[in-house]
Every structure is written in structure tokens, then in C-alpha cells.
There are 2 protein chains.
Amino acid sequence: MNIHLYLRSKMRTRDENKEAAIREKAMEMIVNEGFDGLSMQKLAKAANVSPATIYIYYKNREDLLNQLYNHVQQTFHEVALEGFNPELSFEEGLWIQWKNRLKFISKYPKHFQFQEQFRNSPCINHSDVNLSHFKENMKLFIMNAIKKGEMKRMEPEIFWSVAYGSLYSMIKFHLQEISIMGNSFKLTDAKLKIAFDMVIKALKP
Amino acid sequence: MNIHLYLRSKMRTRDENKEAAIREKAMEMIVNEGFDGLSMQKLAKAANVSPATIYIYYKNREDLLNQLYNHVQQTFHEVALEGFNPELSFEEGLWIQWKNRLKFISKYPKHFQFQEQFRNSPCINHSDVNLSHFKENMKLFIMNAIKKGEMKRMEPEIFWSVAYGSLYSMIKFHLQEISIMGNSFKLTDAKLKIAFDMVIKALKP
DNA sequence: AATATAAATGAATATTCATTCATTTTTAAC
DNA sequence: GTTAAAAATGAATGAATATTCATTTATATT
């Protein structure tokens, strides 16, 4: 017996472009047509692949959706922390995260829209995403901010809602390009800063 | 010819319980199983009705979803204005709306969850909901608040995002009963007030 | 070059889907 | 009671659905 059997096997290599194509097209179809617009056969055709091929990469439709969500969730949280560290001042640290989030979403609007669609759908099969690194960073960051008197002490959900709720709401207006009042809303850096300053004021002790 | 033909016709009356049952069960199925969990045949069975009956009330599946959304949207905006008038002080007026929204959502969580699911889905067939009464009220309210120096002047989308973004975010934590940190989050009146005071501070000039 | 092994496939299956239609049921007006 | 007309139905239809499986294809190792 050779325990290296798998690694040493004379196997055909996976075409990684195929998996990427499946992922990309799936996200596109869901964002454009909704969850019920995603059928395995249409997806196969769009990704230029046999329906059976999808089942090599994913156990079934549900698994495909979950893996898609986990993948987006993971990279989104990694991107959010770029250039961030918990020793930063509260204002600078939060601003970096705002900027990171907006930049990522502007670059990959479909990822964000898929994420939001999934988050609001009922079938959340509690994701096995590993967010511990992110959570650790945020915990430290908030502890420091409270200690330094830059922020009021509050429950994490309240912090989260006040610190990010308005950002996400503005991003949705920006992406949907549908305003409350009629004309469309472009989220410029200047507008982002205006809202950010208000949020900082809100969170101050 | 009699132009009152329709009104005077010897017709069978509609069973309004049926329509209500269809609406209620549809919302329930969507909230529990997602958009792709709603099939016309399953809905018919759940509402104790023939599939063909659904097509008397709704043109097709899409029309059913749109009418459902419009109906929820309409009542939600009506409820938001209960006890409200645009001459109220900024703080009192906004607080009434926060309370109204939370009360309605707590009473009809399924309506809210359906609304959020629909809002984040792509198929928004621009709703023909009449929100002009609501919009007029808000416009006056905000103009007054700015004039009285209770609130900074800002774009409507920024106002909306700062004024309600955190509320909706907290409500989602509350309903999903899934916290960032593990244990569940109950949105009590005290917590609502804490967040509200922060938002008021943010919006002040 | 031969080989073993996983990748990739296309056709097939049984199921479920939205929608329709000929028919029956109900009821307000006569 | 009769009648007209819409409400309500159950069965039927054809299209689309997720998933499977017997083959074929490609390739890293030998």
C-alpha cells in the first residue's frame, strides 16, 4: 500500500478555468435572474460545460450556492482588512474599512449583490466560513477604541449597525441607481466622507 | 346596451378568504423556502384552492409576486406614518417612525422578510405603489427640520441611509437571532433608544 | 509508448413546473 | 324558481427541472 496513492496517481488534471467559469456564470445568472433563474442545465450551457461536470465540483445545487456564498464571504472579509490593523486610531481604522468595502463592491458589484440576495434568503446553511481572523481583529480594534475614549461602549450588534448600516444602505442606492426621489445617486468619495463623519460623531462617547 | 352591465351582472361573488389565504400562504412559503420554493401547485394545495383559481386573482407567477410586494410596501409605508405629522420636532418625528417600523416588523416578521428578499432580488418590476403621500410628508418634515436647525442639510439618500440604515440592520440581527459574536440579539426598547440617540447626534448640524 | 486514474461528457430519467381549458358551482338580479 | 355570468375547479399539457450513469478523453507517472 502506498499512502501517496492519491498524490502520485496518473490522473487527468482539473481544468481550473472550468470551475472559475461555473462560479462566474452562476453568480451572473443569479444576479440577473434571481435564485429561481439558476438552472443547472442553463448554467452548464453558459459555462460551456456538461451538466454532469458541475457535479464533479459540487455535490448538488444547494452545495454550489453555499460554496459560492462562502467564497465571496471569505474574500470580502479579507479585502475589508487590507491596510488595516487594530492598533490604528478608531477613525482611521474604520475609514480604511469603509474604503475597502466600497472599492471591492464597486469592482465586483455582482459579488455583493449575490451576497445580499443570499443573506436575505432563508436557506442559509450556516456557513463554515472561517471569519476568526476578522473577528479577532475587530474585537481588538473596538477594545482599543473604547479604552482610548474614541468610541462609546456598546453591544457589538449596535456597533455594527451604526458603523456599517448607513454605508451598506448608500451602496445599495448607488448600485441600484434608483433614488428615493427619482434621479440616480452616485456615491462619490466626498459623499462617503460626509456620511462617515456623521457616523464617527454618532459613535463618539 | 347597459353600461352598468358589469355592476348589475348576476355574478357569483368572490370569496375574499381565498385571496387572503393565497397571499398569506405565498408569503409564508417564500419566507420559509425562498423564491424557488414557491410553486403554484404547492401554493394551491397550501391555500386549499385549485391551481387554476390562483390565475383568477393573478395573471401569472410574476404578477402574484409583484402584487404581494406592492401590497406589503403600501401598508408598511402607511403604518410608518401612524401618529406622525411633518410639523413634529425632528427628534420626535423620527422616533415615532422608528417605533412604528419596529412594531410593524415585530408583528409581521414575514412581511418584512419577504420585502427584504424581494428588494434584494433582481426581478423588480418597478412597483406601481403610490408612495406620494409618504414622500410628501417626509419632504416637508426634512425641510422643517433643516429650517429649524435640528438637522444638517444633506442629500436624501444620505439622510435615508444614516437615519434608517442602522435601524434596519439591528432589526435583521433581531429577526435572524444570529449575532456576530455567537449569542442572539434581542432588540429591546432600551437598545433601540441608545442607537436612536446616536443617529440623532449624527444628523445634528 | 503504455497505463492507470480522475476529469469530462452527452444522453437519459423521473419529477416538477407554470399555465390552460372544458366543466361545474355559486349567487345576485330578475 | 329561473337565469346570466363570474367564480372555482380538476385534470391535462408540454416544457423545464435536478441528477445519474455508462462512456470517452486527457494526462502524470511509469
Side-chain angles (χ1 to χ4, degrees), chain A residues 1-27 29-30 32-68 121 123 125, chain B residues 1-27 29-30 32-69 118 121 123 125:
Chain A
M1 283 287 189
N2 186 348
I3 60 160
H4 293 290
L5 188 64
Y6 175 75
L7 292 170
R8 296 181 173 224
S9 72
K10 311 171 181 182
M11 61 182 192
R12 179 176 177 180
T13 48
R14 275 199 186 182
D15 185 345
E16 290 189 21
N17 297 330
K18 279 193 203 307
E19 187 169 9
I22 293 170
R23 249 211 286 268
E24 223 45 52
K25 290 292 177 184
M27 210 119 68
M29 290 174 69
I30 289 167
N32 290 333
E33 305 170 54
F35 278 109
D36 43 357
L38 178 83
S39 94
M40 301 305 262
Q41 336 218 39
K42 282 198 286 177
L43 171 58
K45 186 158 283 180
N48 221 21
V49 138
S50 161
T53 305
I54 302 175
Y55 288 85
I56 295 168
Y57 295 90
Y58 306 98
K59 225 180 70 200
N60 51 35
R61 200 184 107 109
E62 196 189 334
D63 182 47
L64 162 66
L65 291 170
N66 279 319
Q67 283 200 42
L68 225 48
S121 86
C123 41
N125 191 358
Chain B
M1 282 286 191
N2 186 349
I3 60 160
H4 294 289
L5 188 64
Y6 175 76
L7 292 170
R8 297 180 174 226
S9 71
K10 312 171 179 180
M11 61 181 192
R12 177 178 179 181
T13 47
R14 276 199 186 182
D15 184 346
E16 290 188 22
N17 297 332
K18 280 194 202 306
E19 186 169 10
I22 293 169
R23 249 211 285 269
E24 223 44 53
K25 289 293 178 184
M27 209 120 69
M29 289 175 69
I30 289 167
N32 290 335
E33 306 171 52
F35 278 109
D36 43 356
L38 178 83
S39 95
M40 302 303 264
Q41 335 217 41
K42 282 198 287 177
L43 171 58
K45 185 157 284 181
N48 222 21
V49 139
S50 160
T53 304
I54 301 176
Y55 288 84
I56 294 169
Y57 295 91
Y58 307 97
K59 224 180 71 199
N60 50 35
R61 202 185 105 108
E62 197 190 332
D63 181 48
L64 163 65
L65 290 170
N66 280 319
Q67 282 201 44
L68 226 47
Y69 178 70
F118 194 90
S121 86
C123 40
N125 191 358

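A, B, ... follow the sequence lines: proteins, then strands. Residue 1 opens every chain. If you're wondering where the values come from, they're calculated on a predicted model, not measured in any experiment.
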Map every base of DNA chain D to its dot-bracket character, where paired means a Watson-Crick or G-U wobble contact with both distances under 3.5 Å and | marks a partner outside the strand.
-> ||||||||||||||||||||||||||||||
Of all the heavy-atom pairs spanning A/Leu43 and A/Ala26, show the shortest one and how long it is.
-> CD1-N, 3.5 Å
How close or far is atom C1' of C/dG10 from atom CD1 of A/Ile56, stated in whole angstroms?
-> 13 Å
Set of side chain to side chain donor-acceptor pair (under 3.5 Å) partners for B/Asp36, sequence neighbours left out = A/Arg61
Can you find a pair of side-chain heavy atoms, one from A/Thr53 and one from A/Tyr57, that are under 4.5 Å apart?
-> yes
Rounding to a whole Å, what distance do you find between B/Ile54:CD1 and D/dA11:P?
-> 16 Å
List in chain and number order the residues that pass side-chain contact (heavy atoms from CB on, under 4.5 Å) with A/Asn48, two or more places apart in sequence or in another chain; answer none if no residue qualifies.
-> none
Report yes if at least one side-chain N or O of A/Tyr57 is closer than 4.0 Å to OP1 or OP2 of C/dA8; otherwise report no.
-> yes
Whole-Å distance separating the CG atom of A/Leu43 from the C1' atom of D/dT17 | 14 Å
Would you check if A/Tyr58 and A/Met40 make a side-chain contact, meaning some heavy-atom pair closer than 4.5 Å?
-> no
Rounded to whole angstroms, how far apart are CD on B/Glu16 and P on D/dA7?
-> 12 Å
Smallest heavy-atom separation, A/Asn60 atom then A/Asp63 atom, equals OD1-N, 2.9 Å
Whole-Å gap separating C1' (C/dA7) and CD1 (A/Ile22) = 12 Å
Per-nucleotide protein contact string for nucleotides 19-26 of chain D, where B marks a base within reach and S marks sugar-phosphate only (heavy atoms under 4.0 Å, - for neither) | BBB---BB
Rounded off to whole Å, could you give me the CG-to-P distance for the B/Asn17 and D/dA7 pair?
-> 15 Å
N/O donor-acceptor pairs under 3.5 Å from side chains in residues 11-20 of chain A, not counting sequence neighbours:
unit_1  : atom_1 : unit_2  : atom_2 : d
A/Asp15 : OD1    : A/Asn17 : N      : 3.0

Atom NZ of A/Lys45 and atom C1' of C/dG10 are separated, to the nearest Å, by 12 Å
A/Asp63 CG to D/dA18 P: how many Å, rounded?
-> 15 Å
Passes side-chain contact (heavy atoms from CB on, under 4.5 Å), A/Leu38 versus A/Glu33? Steps please.
-> CA-CA 7 Å; A/Leu38 178 83; A/Glu33 305 170 54; over 6 Å; no
Short side-chain N/O contact from B/Thr53 to OP1 or OP2 of D/dA7, under 4.0 Å = no
Not counting sequence neighbours, which residues clear side-chain contact (heavy atoms from CB on, under 4.5 Å) with B/Lys45? List them please.
-> none
